[in-house]
Novice: 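First, the structure itself, so that you have it in front of you.
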Amino acid sequence: MTKTLGVLGGMGPAAGAEFMKLLARDAPAKRDQDHPRVIMLSDPSIPDRTEAILGRGEDPTPLLRRGLESLVEWGADVLTVPCNTAHVFIDRFRDELPVPFIHIIEATVEAAAASSPGGAWLLGTSGIRSSGLYSEYANRKGYRFLDPPDEAQEVIHQCLLRVKAGEIAEAGVVMRKIAEELWSKDDRLITTACTELPLAYAASGLPPRKEISSLQALSDACLKFLYET
């Protein structure tokens, strides 16, 4: 294995750190030298992606593009970004990147279709929901996500903001309440389609088998690319 993975993180920092942990945990490695070479640029100064989508904040596209191009200059052979909402902007220039890009939404849709063929709940930022990007990629595969009720969306967004603030235990309590309410309506797997939400789910005490984690899906897709191509 000779490829170098470039990771643009910091959106948020805890999610990026958890992604790196998954890469290390799940790599088919027996010694240090068997692990993939990874270059990470963690840039929390990138403007809030949801605020930009909702017309309340600065466009993050220039810094996203600059960060990815910097990773290529530093030696990355393949790129990825452990932030779902950032992909709304990355898709505008993805085809112009000089190296392959491993897409978190593509990876998560694939994982959802394999784990829950009949559909799954979709929990994400208000920005990703407003963008319709998950529905777009799911429709390409003939897959269907269920959106939580409108009144639940603000609670979901507050849950991920608690993770960003370091309030993981509190986020877990909120996640448990959200999940149980959704399961009372339809007992399908929950897709944590914001990279903060897997951390909240892990703190909730809910069964791991009932979650489709976008962080895990991305880590799996990156390792598959690095070790099989």
Side-chain angles (χ1 to χ4, degrees), residues 12 14-15 18-19 22 25-26 49-50 53 81-88 91 102-164 168-224:
E18 182 67 15
F19 175 70
L22 293 174
R25 186 194 72 186
D26 296 337
R49 285 65 60 199
T50 290
I53 290 168
V81 177
C83 171
N84 286 269
T85 315
H87 286 62
V88 175
D91 273 4
I102 301 176
H103 198 285
I104 194 171
I105 297 177
E106 290 177 348
T108 305
V109 171
E110 291 280 352
S115 299
S116 187
W121 288 106
L122 185 72
L123 275 62
T125 65
S126 299
I128 200 71
R129 178 168 175 168
S130 175
S131 75
L133 201 59
Y134 258 93
S135 294
E136 177 185 332
Y137 277 89
N139 288 341
R140 295 179 189 178
K141 285 192 65 68
Y143 191 71
R144 175 174 172 261
F145 285 109
L146 285 71
D147 287 324
D150 291 343
E151 60 270 21
Q153 182 57 40
E154 181 57 31
V155 181
I156 293 166
H157 201 77
Q158 290 303 315
C159 179
L160 66 93
L161 291 179
R162 285 183 179 271
V163 176
K164 288 181 181 291
I168 307 294
E170 295 86 344
V173 172
V174 176
M175 174 60 75
R176 188 178 189 92
K177 180 179 179 183
I178 293 166
E180 290 175 344
E181 288 180 357
L182 294 178
W183 288 333
S184 71
K185 301 177 188 296
D186 195 320
D187 191 16
R188 297 175 190 257
L189 270 60
I190 283 178
T191 306
T192 46
C194 164
T195 50
E196 271 78 31
L197 293 180
L199 283 79
Y201 194 96
S204 70
L206 295 167
R209 61 181 174 79
K210 298 195 73 172
E211 179 200 15
I212 302 159
S213 162
S214 60
L215 268 181
Q216 185 68 61
L218 183 62
S219 173
D220 290 346
C222 288
L223 290 172
K224 181 178 181 180

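Positions are given from 1 along the sequence. The figures that follow rest on heavy atoms only: side chains count, while hydrogens, waters and symmetry mates do not.
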Novice: Report yes or no: does Tyr143 contribute a side-chain atom to a donor-acceptor pair with the main-chain N or O of Ala112 at less than 3.5 Å?
Specialist: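 Present.
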Novice: Report yes if some heavy atom in the side chain of Pro149 is under 4.5 Å from a heavy atom in the side chain of Lys185; otherwise report no.
Specialist: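 The answer is yes, as the side chains (C-beta and beyond) meet within the 4.5 Å cut-off.
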Novice: State, yes or no, whether a side-chain contact exists between Leu197 and Glu211 at a heavy-atom distance under 4.5 Å.
Specialist: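 In short, these two side chains do not touch, never coming nearer than 4.5 Å.
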Novice: Search all heavy atoms of Tyr201 against all heavy atoms of Pro207 and return the closest pair with its distance.
Specialist: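 Between these two residues, the closest heavy atoms are OH-O, 2.7 Å.
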Novice: Using the ring of each side chain (for Trp, its six-membered ring), is Tyr134 parallel, tilted or perpendicular to Phe145, with breaks at 30° and 60°?
Specialist: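 If you compare the ring of Tyr134 with that of Phe145, the planes turn out perpendicular.
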Novice: Taking side chain as C-beta onward, heavy atoms only, is Thr50 less than 4.5 Å from His157?
Specialist: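 The answer is yes; the side chains approach within 4.5 Å.
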Novice: Check this for me: does any side-chain nitrogen of one of Asp150 and Arg129 sit under 4.0 Å from a carboxylate oxygen of the other?
Specialist: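 Yes, this pair counts.
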Novice: Given side chains that start at C-beta, do those of Thr192 and Gln216 come closer than 4.5 Å, heavy atoms only?
Specialist: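 They are not in side-chain contact.
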Novice: Which heavy-atom pair separates Ile102 from Ala221 by the least distance, and what is that distance?
Specialist: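 Taking every non-hydrogen atom into account, CG2-CB, 3.9 Å.
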Novice: From Asn84 CG over to Leu123 CG, what is the distance, rounded to the nearest 0.5 angstrom?
Specialist: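 These two atoms lie 11.5 Å from each other.
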Novice: Should Leu218 and Leu22 count as side-chain neighbours, where that means a heavy-atom distance under 4.5 Å?
Specialist: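 No, too far: nothing below the 4.5 Å cut-off.
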Novice: To the nearest 0.5 Å, what is the distance between CD on Glu170 and CD on Gln158?
Specialist: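 These two atoms lie 13.0 Å from each other.
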Novice: Say whether, by atom type as modelled, one donor and one acceptor occur between the side chain of Arg188 and the main chain of Gly118 under 3.5 angstrom.
Specialist: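 Yes, because the side chain of Arg188 sits within donor-acceptor range (under 3.5 Å) of the backbone of Gly118.
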Novice: Among Asp186, Leu189, Thr191, which residue satisfies the side-chain contact (heavy atoms from CB on, under 4.5 Å) criterion with Trp121?
Specialist: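 Output: one option passes, namely Asp186.
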Novice: Does Arg162 pair with Glu196 as a salt bridge, N-O distance under 4.0 Å?
Specialist: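 No, Arg162 and Glu196 are not salt-bridged.
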Novice: Measure from the side-chain N and O atoms of His87 to the backbone N and O of Ile104, and report whether any donor-acceptor pair falls under 3.5 Å.
Specialist: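 Flag set: sc His87 to bb Ile104 pair under 3.5 Å.
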Novice: Are the side chain of Thr108 and the backbone N or O of Ile105 linked by a donor-acceptor pair below 3.5 Å?
Specialist: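 Not confirmed, Thr108 side chain does not pair with Ile105 backbone.
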Novice: How about Ile128 and Cys194: do any of their side-chain heavy atoms sit closer than 4.5 Å?
Specialist: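 Counting from C-beta outward, Ile128 and Cys194 never come under 4.5 Å.
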Novice: When rounded to the nearest 0.5 angstrom, what distance separates CG in Asp187 from CD in Glu180?
Specialist: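 The CG atom of Asp187 sits 11.5 Å away from the CD atom of Glu180.
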Novice: Minimum heavy-atom separation for Ile212 and Ala120, please, with both atom names.
Specialist: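 Heavy-atom minimum between the residues: CD1-CB, 4.0 Å.
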Novice: Do you know the tightest heavy-atom contact between Val163 and Ala200?
Specialist: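 Closest pair (atom of Val163, atom of Ala200, distance): CG2-CB, 4.0 Å.
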Novice: Is the shortest distance from a Lys or Arg side-chain nitrogen in Arg140 or Glu136 to a carboxylate oxygen in the other one below 4.0 Å?
Specialist: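 A salt bridge links Arg140 with Glu136.
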Novice: A side-chain contact here means heavy atoms from C-beta on lying under 4.5 Å apart; do Cys83 and Arg49 qualify?
Specialist: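 Counting from C-beta outward, Cys83 and Arg49 do come under 4.5 Å.
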Novice: Give a yes or no on whether the backbone of Ser135 and the side-chain of Asn139 come within a donor-acceptor separation of less than 3.5 Å.
Specialist: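 Checking the backbone N and O of Ser135 against the side chain of Asn139, a donor-acceptor pair under 3.5 Å is found.
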Novice: Rounded to the nearest 0.5 Å, how far does CD of Gln153 lie from OG of Ser130?
Specialist: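 The distance works out to 9.5 Å.
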Novice: Given 3.5 Å as the limit, does a donor-acceptor pair link the side chain of Arg176 with the main chain of Ser204, or not?
Specialist: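 Judged by distance alone, yes, a pair lies under 3.5 Å.
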Novice: Decide yes or no for Leu160 and Thr125: does some side-chain heavy atom of the first lie under 4.5 Å from some side-chain heavy atom of the second?
Specialist: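 Yes; the side chains approach each other to less than 4.5 Å.
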Novice: Would you name the heavy atoms of Gly124 and Ile156 that are closest together and state the gap between them?
Specialist: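 In terms of heavy atoms, the two residues are closest at O-CG2, 3.5 Å.
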